[in-house]
Amino acid sequence: METWRVVATVLLAAAGLPLVLVLMAKARDRTDSSGTVAVTGAVAFVVLLILGVVMLTVLPGALTWIVLGLVAAALGVMMLAG
């Protein structure tokens, strides 16, 4: 496994896990339903997990870094929109 794949996946996790928490907080603010918050968190975490596995194994280099940039940008926008 190439080093750049591992680095990109670690950076994805570093940006993705706070993004999951922000998504859960937004769901709580909008619905006040703990079930909806749990489902939102589970779906976001599973998507992040699948994306990490795909990045580690088969995704081309350029697309890997683009996805990482999009996740980091989404986290930045959601944190600023707060």
*Asks:* Just so I know, are the side chains of Met78 and Leu23 near enough to count as touching, which here means a heavy-atom distance under 4.5 Å?
*Replies:*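 Sidechains of Leu23 and Met78: in contact.
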*Asks:* Please round to the nearest 0.5 Å and tell me the distance separating atom CZ of Arg30 and atom OG1 of Thr36.
*Replies:* 12.0 Å
*Asks:* Are Leu68 and Trp4 connected into the same hydrophobic cluster when the rule is that any two of I, L, V, M, F, W, Y join if their side-chain heavy atoms are below 4.5 Å apart?
*Replies:* yes
*Asks:* Do Met24 and Val46 sit in the same hydrophobic cluster, where Ile, Leu, Val, Met, Phe, Trp and Tyr count as joined when their side-chain heavy atoms come under 4.5 Å apart?
*Replies:*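 Hydrophobic grouping puts Met24 with Val46.
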*Asks:* With sequence neighbours left out, write down each residue that passes side chain to side chain contact (heavy atoms under 4.5 Å, CB included) with Val54, or none if nothing qualifies.
*Replies:* Ile50, Val58, Leu59
*Asks:* Linking I/L/V/M/F/W/Y whenever any side-chain heavy atoms sit under 4.5 Å apart, do Leu75 and Val67 land together?
*Replies:*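 Looking at the clustering, Val67 is in the same group as Leu75.
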*Asks:* Is there a path of hydrophobic side-chain contacts, each under 4.5 Å between heavy atoms of I/L/V/M/F/W/Y residues, joining Ile66 to Val53?
*Replies:* no
*Asks:* Do any side-chain atoms of residues 12-22 form donor-acceptor pairs under 3.5 angstrom with protein atoms, and if so which ones, sequence neighbours left out?
*Replies:*
none

*Asks:* Applying side chain to side chain contact (heavy atoms under 4.5 Å, CB included) to Leu11 and Trp65, what does each step give before you reach the verdict?
*Replies:* CA-CA 10 Å; Leu11 291 174; Trp65 292 108; 4.2 Å; yes
*Asks:* Can you name the closest pair of heavy atoms from Ala27 and Val37 and give their distance?
*Replies:*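 Shortest heavy-atom contact: C-CG2, 4.1 Å.
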*Asks:* When clusters are formed by joining ILVMFWY residues with side-chain heavy atoms under 4.5 Å apart, either directly or through shared neighbours, do Val7 and Leu48 land in the same one?
*Replies:* yes
*Asks:* Using modelled atom types only, decide if a donor and an acceptor are shared between the side chain of Arg5 and the backbone of Met55 within a distance under 3.5 Å.
*Replies:* yes
*Asks:* Can you name the one residue among Thr64, Leu51, Thr9 that meets side-chain contact (heavy atoms from CB on, under 4.5 Å) with Leu56?
*Replies:*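 Only one option passes, and that is Thr9.
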